[in-house]
Amino acid sequence: MFKEIEEKWQRAWEDAKIFEADPDGRPKFFLTIPYPYLNGNLHAGHTRTFTIGDAFARYMRMKGYNVLFPLGFHVTGTPIIGLAELIEKRDERTIQVYTKFHDVPLQDLLGLTSPERIVEYFAKEALIALKKIGYSIDWRRKFTTMDPAYQKFIEWQYWRLKELGLIERGSHPVRYCPNDQNPVEDHDLLMGEDASIVEFTIIKFRLEGSDLIFPCATLRPETIFGVTNIWLKPAKYVIARVDGEKWIVSKEAFEKLRYMDRNVELIGEVDGREFIGKNVVVPLVERLVPILPAEFVDLDNATGVVMSVPAHAPYDFVALRDLGSKIEPIVIISSGNRDIPAKEIVEELKIKDQNDPELEKATKMLYKREYHTGVMLENTGKFAGMKVSEAKDKVEKELRDLKLGDVFYEFSDKPVVCRCGSKCVVKVVRDQWFLRYSDEQWKSKVLEHLESMTIIPDYYKEEFRNKILWLKDKACARRKGLGTRIPWDKEWLIESLSDSTIYMCYYILAKFVNSGQIKAENITNEFLDYVILGKGSLELAKNSGLSEELIERIRNEFRYWYPVDLRSSGKDLVANHLLFYLFHHVAIFDKELWPRAIAVNGYVSLEGQKMSKSKGPLLTMKKALELYGADVTRLYILHSAEYDSDADWKSKEIEGLAANLERFYNLVREYYLKEPSDITTLDRWLISRFNRAVKEVRDAMDKLQTRRAVNFAFFEIMNLVRWYLRRGGKNLSLILDDWIKLLAPFAPHICEELWHLKHSTFVSLEKYPEFDAAKIDEEAERAEKYLEQLLEDIKEVMKFVENAKIVYIYPAEEWKCKALEIANEKGLSEAMKWLSAQGIDKSEISSFAKRFKNAELIPNERKRIEENIEFLEKELQVKVSLDSSALPIEKKRTAMPGKPAIFVT
RNA sequence: GCGGGGGUUGCCGAGUGGAAAAGGCGCAGGGCUUAAGACCCUGUCCCGAAGGGGUCCGCGGGUUCGAAUCCCGCCCCCCGCACCA
């Protein structure tokens, strides 16, 4: 184990401050990774993303860049508060998960009953782990998102967004527990985790000669043209005043409407049966249709009032059939059907009556088909000819514009039950603050910028494109949780994903905050406008109370470091954080400060199982380091999967790797200090092949392909070394300086230790090995390859000979080499002519012609074999001879240049 | 459903027109060792008493002298679809 070595170099790096980055004359590289959320210990997922970041930071540093690689901690939001409550309540599962999977000792855990303590504890633990794994982070810039200075920065950002008109008020639906009077998150649910909020369209049917409205709820507003009647359940309904209108709805619907930010008032109860047979007016179509009774109507779904489109809704068709009604369905959509679509499908599925469970399936099938392939028929007015998918939105909009339509939110699955046991409802939260991500101009700016960015892997660019188009307005305010208050509306907290969008620029301030040069009260909007955006003026910025000199210095540092050159992140953040990261940068900064590149890596699972912070299993970074140490963990996670695919952590594999790394360590120690003696072909082969590996490693790293990089830098070279030593190589030290450097970004501690056997500088700051075409030695490579092939061929032959005693090797005769040369230059027929002229036996010539395709000229082939007889004998454990007299003629004939005849006795 | 990714030899996983197909893991045999482990070597689709032959990359077609790689159709798997970090 390398624990002592690791600690030693971590201390040395820290003492020498080699990762503290400040502006200088070198080109800069600003690399960030997402700050971790501290509701638990860092785990294998963090380990992966962060280690990729660190390996790249170290690589770029060794390539000569001034690398800034900082990290802070994220604590805003609700989970930390939730966790504190659970610990306070001594929730059994939480205690189990945190002691067992997060490796928190019980007595420590029980004390974490407030958000502050949780933050303090996990921040401390995280820092320990991050230092123990040897990340090259500039820790002078560490912060947490509840720091007063950071909060001032967030407030500034929100003022800027408001000034830009990108924040506005609105309302939106949330899952809500009436008992707790709070929005409910997934983990707060007993039932209904999969339920989503569905938006029904309400279409208002007015009772003939009355002001009573029957609000029919539907997911298919475009079918309004096919309405033949409406359905009521023969049961109790209520009359309610809703935003000034008199609505007939189910009792359940009335209760739900009360949460939908409407003005509702109960007027009285009424029996649905009273209305049966009366007529209502179909909006838009202005047709009178009757109210009919139906048992399938669910009073607890939407309004409890349903419109009937028997041609396109199997339920309606069957209900009419059950009633024995003579009403004719009106077909308004064509999707390749001959008859009435609902009739076709009902007959196909042999549906008996409206209580048949198959009806659900029929409905889905038909809806799907018509939505995707259906076209509106002539009887749908101006919508005729439109695709159903298009008409749906258009009809809905028209109804809404004419106040004939409305929305009703409902869960897709029921029931949805809160942990407290009450049924959840959909609540429409009003006066909510929204980020206007749907803004067309904003979007197109982001889209345009995306095209100029580097996205790794590249197919994620398409994914980003789609997600940008798809992004809608986002509610950015919360009532509950940790966070910064919206500066102009202190009732609301800024939601936690919305406060982590452009914080990378805060790292530049954080250094000054942590050193005490800036206090929170100095961070005024004018100050930030000036140092970050270069807007306003130095005079205004000086109102912050800071000196001109300091302000200018910060301004200059900001200009030096920004923009972010690479943000390396897990793929879980693509559809949220990384998107917001782009949007906010594009909105707030000038073009030259927009992010340059984003890299996205995959997940980590554990022995095939998905990790879960709240349920387990989980492998913490701390535990991994305890078990395997830093370098093994790093090398393993970098090698376990290529950046974009998911990795599976297998303890058996990592143990194997530990052994490999130890071998490397011992190998280097054994050879590093030996002075190289005479350089042989074999040495030139090693240097040549090593050089090729260097090229591969650099190429892989430039694309962040850490798996490929480690594969070459470690395993491939290890294999070269194996062959080299097997062949009796003595001068391994020829490549060791470079090999150590090559591996330094991946396993920095061991490399540092080994490097210091010979040098007094830090390998972490050395120049990364470069590919040198001059060191490629084709001839040496061919010579080794020849020997390898020869050995393999002999073994192949020996398989068929029991108790082999002597191996005779017979290289091709001189005339064959000459003939091959001619054949290569002038073609086979010239070679044949030449052979005849030499008076070579005819059967020999034809044998040559048959085989010449597989032949290759090896310079000094015989000598090559002679020199290596000893090696071959050692490998084969038999005598090897070049004596040609023992070979039968027909055997000799098979000898070709590069492929000698082999004869075993 | 929409969008993105993917299906390769026991497993993981490279490989985008010409290699039974890198590397790792596992397994088997041998060497080293008092022994085990580690380490080193060999083998690991099938056949073969001479370095050879056959079969193979989700399924079915096609293009090509030649396909895991290109085209068409089909099947299957993973991820995201939000206000949650």
Side-chain angles (χ1 to χ4, degrees), chain A residues 34 36-40 74-80 82 172-175 183 185-187 196-197 364 367-368 371-372 389 429 432 434-435 437 457 459-467 469-478 481 495-498 500 571-577 579-580 600 602-603 608 610 613-614 636 639-642 644-648 650 652-657 659-660 662-663 666-667 705 707-708 710-712 714-716 718-719 722 725-726 789-790 792-802 804 854 874-875 877 891 894 899-904:
Chain A
Y37 187 74
L38 292 182
N39 64 337
H74 195 199
V75 302
T76 46
T78 51
I80 286 178
H172 87 291
V174 295
R175 184 169 53 200
E185 287 165 37
D186 268 2
H187 61 264
S196 57
I197 294 174
K364 275 196 183 129
Y367 181 25
K368 200 188 284 185
Y371 184 80
H372 291 104
S389 52
V429 180
Q432 167 68 282
F434 282 83
L435 287 162
Y437 291 137
Y459 59 77
Y460 265 95
K461 193 174 259 195
E462 181 64 18
E463 179 84 345
F464 272 111
R465 235 176 251 137
N466 294 333
K467 297 287 187 228
L469 290 170
W470 150 91
L471 195 63
K472 294 178 230 153
D473 291 348
K474 176 178 158 62
C476 63
R478 283 302 107 86
E495 181 272 329
S496 76
L497 282 168
S498 306
S500 56
K571 68 180 177 188
D572 51 327
L573 299 183
V574 170
N576 43 70
H577 164 73
L579 228 42
F580 307 152
V600 177
Y603 298 121
K610 205 177 155 184
K613 257 185 175 181
S614 58
Y636 177 69
H639 182 69
S640 61
E642 200 52 276
D644 53 330
S645 46
D646 297 340
D648 188 29
K650 295 191 184 116
K652 257 193 164 171
E653 278 186 10
I654 189 170
E655 277 158 23
L657 184 74
N660 275 319
E662 206 156 324
R663 194 191 322 162
N666 293 331
L667 203 63
Q705 296 174 346
R707 181 189 170 96
R708 199 173 129 225
V710 171
N711 221 17
F712 277 93
F714 190 67
F715 294 100
E716 186 75 15
M718 195 61 116
N719 283 341
R722 234 175 249 169
L725 294 176
R726 188 173 155 199
Q789 186 61 48
L790 179 62
E792 205 173 288
D793 282 349
I794 296 173
K795 280 183 178 164
E796 177 74 19
V797 175
M798 280 173 72
K799 277 203 307 202
F800 301 99
V801 181
E802 269 177 63
N854 301 325
K874 192 184 96 206
E875 288 290 322
Q877 297 290 314
K891 206 67 222 173
T894 63
K899 204 149 171 85
I902 297 162
F903 184 64
V904 181

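In what follows, chains carry the letters A, B, and so on, assigned in the order in which the sequence lines appear, proteins first and then strands, with residues in each chain numbered from 1.
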What nucleotide, of [options], holds the atom closest to the side chain of [X]?
X: A:K472; options: B:A82, B:C79, B:C41; answer: B:A82
X: A:N466; options: B:C84, B:G3, B:C40; answer: B:G3
X: A:Y603; options: B:C12, B:C79, B:C81; answer: B:C79
X: A:R726; options: B:C83, B:U42, B:C84; answer: B:U42
X: A:F903; options: B:A50, B:G3, B:C83; answer: B:A50

Pairing nucleotide - [N], Watson-Crick or G-U, each distance under 3.5 Å:
N: B:U16; result: none
N: B:G1; result: B:C81
N: B:U64; result: none
N: B:C56; result: none
N: B:U34; result: none
N: B:A28; result: B:U42

Tell me what [X] touches on the nucleic acid: a base, only sugar-phosphate, or nothing, going by heavy atoms under 4.0 Å.
X: A:D473; result: base
X: A:A659; result: sugar-phosphate
X: A:H74; result: sugar-phosphate
X: A:L573; result: nothing
X: A:V904; result: base
X: A:A901; result: base
X: A:P900; result: base
X: A:N711; result: base
X: A:N39; result: nothing

Could you work out the separation of B:C70 and B:G15 based on their C1' atoms and round it to a whole Å?
16 Å
Given the P atoms of B:A14 and B:C65, what is the spacing between them in whole Å?
33 Å
Ignoring backbone atoms, establish whether A:R707 has a side-chain N or O less than 4.0 Å from OP1 or OP2 of B:G24.
no
Of the non-hydrogen atoms in A:E642 and A:R707, which two are nearest, and what is the gap between them?
OE1-N, 3.1 Å
Quick one: closest heavy-atom pair of A:C476 and A:Q432, and the distance?
N-OE1, 4.4 Å
Mind calculating the distance between [atom1] ([X]) and [atom2] ([N]) to the nearest angstrom?
X: A:E642; N: B:G15; atom1: CD; atom2: P; result: 8 Å
X: A:N660; N: B:G24; atom1: CG; atom2: C1'; result: 9 Å
X: A:F712; N: B:A14; atom1: CZ; atom2: P; result: 13 Å
X: A:F715; N: B:G13; atom1: CZ; atom2: P; result: 15 Å

Any chance the rings of A:H639 and A:F714 have centres within less than 6.0 Å?
no
Contacts of type ring-ring contact (aromatic ring centres under 6.0 Å, His included), residue A:F434, not counting sequence neighbours
A:H172
